[in-house]
Amino acid sequence: MALQERRLIQQHTDTLLPQVQADLKQACGGDIEVTVEWDGFESDMAALERLPSQCFDRLVTAIGWVCKEEIGKAAMREKVRQVVVRNVRTAAERNLALSDGILTVAGVWASTEWDGLYHQTEYHRFFESHL
């Protein structure tokens with residue numbers, strides 16, 4: 001991993017992740033830990049650069065939709081205590097799963113095509129059927 005990638009990971013760790021956690025707390029009224037498996041971002045500067053918009057902006061928006069009323073907030077707090085983000089190489093590896101309070105979001109964050117990413121509505125449908 002080059003210095004440029006390490007710097008951006010440090011920046012995301014110091015500023016992006018705390019902001020996402022604050023946004024999620026505001027949306028659902030509870031703490032949701034956010035972690036990123038940085039090993040999957042090695043030598044993928046494009047994925048690191050696009051992570052805020054391609055992953056977190058859309059995810060936070062969808063969670064806000066689900067948590068628009070107290071019943072959605074309560075369901076989110078009950079079922080999701082952690083979000084784990086992974087970067088995968090192909091759209092076939094893309095995965096969205098919720099198990100034991102852990103929401104795993106695996107996407108091709110460097111992708112410029114929708115097949116490797118999630119739209120807000122896709123997250124929203126997932127939550128509506130899994131909470």
Transitively linked via ILVMFWY side-chain contacts under 4.5 Å: Val88 with Val34?
no
Working note: Arg77 + Glu70, criterion salt bridge (Lys or Arg N to Asp or Glu O under 4.0 Å); need CA distance, chi angles, decisive distance, verdict.
CA-CA 10 Å; Arg77 288 190 307 263; Glu70 188 54 41; 2.9 Å; yes
Asn87 side, atom CG; Gln54 side, atom CD - distance, nearest 0.5 Å:
11.0 Å
Do Thr35 and Val83 have side chains that get closer than 4.5 Å, going by heavy atoms?
no
Atom CD1 of Ile102 with >12 non-hydrogen neighbours under 6.0 angstrom:
yes
Check whether any side-chain heavy atom of Arg89 lies under 4.5 Å from a side-chain heavy atom of Val108, and answer yes or no.
no
Can you name the closest pair of heavy atoms from Leu98 and His130 and give their distance?
CD2-O, 3.9 Å
Scanning both residues in full, the closest heavy-atom pair of His12 with Pro52 reads CE1-CG, 3.9 Å
Between Thr121 and Trp65 the two heavy atoms that sit nearest each other are N-CZ3, 4.0 Å
Carefully, step by step, assess Phe56 and Val85 under the rule side-chain contact (heavy atoms from CB on, under 4.5 Å).
CA-CA 9 Å; Phe56 289 120; Val85 175; 3.8 Å; yes
Given Asp31, which partner from the list Lys25, Gln82, Gln21 fulfils the side-chain hydrogen bond (donor to acceptor under 3.5 Å, both in side chains) test?
Lys25
In this structure, are over 12 heavy atoms from other groups packed under 6.0 Å from Arg7 atom CZ?
no
Spacing of Asp44 atom CG and Glu49 atom CD [to the nearest 0.5 Å]
9.5 Å
Nearest 0.5 angstrom please: Ile9 CD1 to Met45 CE, how far?
9.0 Å
With a 3.5 Å distance limit and no angle check, can you tell me whether Arg86 reaches the backbone of Glu37 through a side-chain donor-acceptor pair?
no
Counting only heavy atoms from other residues, nucleotides and ligands, does the tally under 6.0 Å from CG of Asp100 exceed 12?
no
In the single-linkage hydrophobic clustering (I, L, V, M, F, W, Y; side-chain heavy atoms under 4.5 Å), do Val20 and Leu96 co-cluster?
yes
Working to the nearest 0.5 angstrom, can you tell me the gap between Phe127 CZ and Cys67 SG?
8.5 Å
For the residue pair Met76 and Ile32, establish whether any side-chain heavy-atom pair is separated by less than 4.5 Å.
yes
What is the ring orientation for Trp114 with His119, classed by angle as parallel under 30°, tilted 30 to 60°, or perpendicular over 60°?
tilted
Thr61 and His124: side-chain contact (heavy atoms from CB on, under 4.5 Å), yes or no, with the steps?
CA-CA 9 Å; Thr61 296; His124 186 251; over 6 Å; no
Rounded distance (nearest 0.5 Å) linking atom CG of Leu131 with atom NZ of Lys73:
14.5 Å
Distance (rounded to the nearest 0.5 Å) between Leu3 CG and Leu8 CG
11.5 Å
Atom of Ser111, atom of Leu117 and distance for their closest heavy-atom approach
O-CD1, 3.7 Å
Take a 6.0 Å sphere around CD of Glu122 and say whether it holds more than 12 heavy atoms from other residues, nucleotides or ligands.
yes
Shortest non-hydrogen contact from Phe126 toward Leu103:
CE2-CD1, 3.7 Å
Apply side-chain contact (heavy atoms from CB on, under 4.5 Å) to the pair Leu16 and Gln11, showing each step before the final yes or no.
CA-CA 7 Å; Leu16 176 65; Gln11 179 182 344; over 6 Å; no
If you measure only the distance, is there a donor-acceptor pair under 3.5 Å linking the side chains of Thr13 and Gln10?
no
List the steps and the verdict of side-chain contact (heavy atoms from CB on, under 4.5 Å) for Phe41 and Leu51.
CA-CA 10 Å; Phe41 289 84; Leu51 186 63; 3.9 Å; yes
What pair of heavy atoms forms the shortest contact from Leu24 to Val60, and how long is it?
CD2-CG2, 3.9 Å
Taking the cut-offs as 6.0 angstrom to the six-membered ring centre and 45 degrees off its axis, would you call Arg94 and Tyr118 a cation-pi pair?
yes
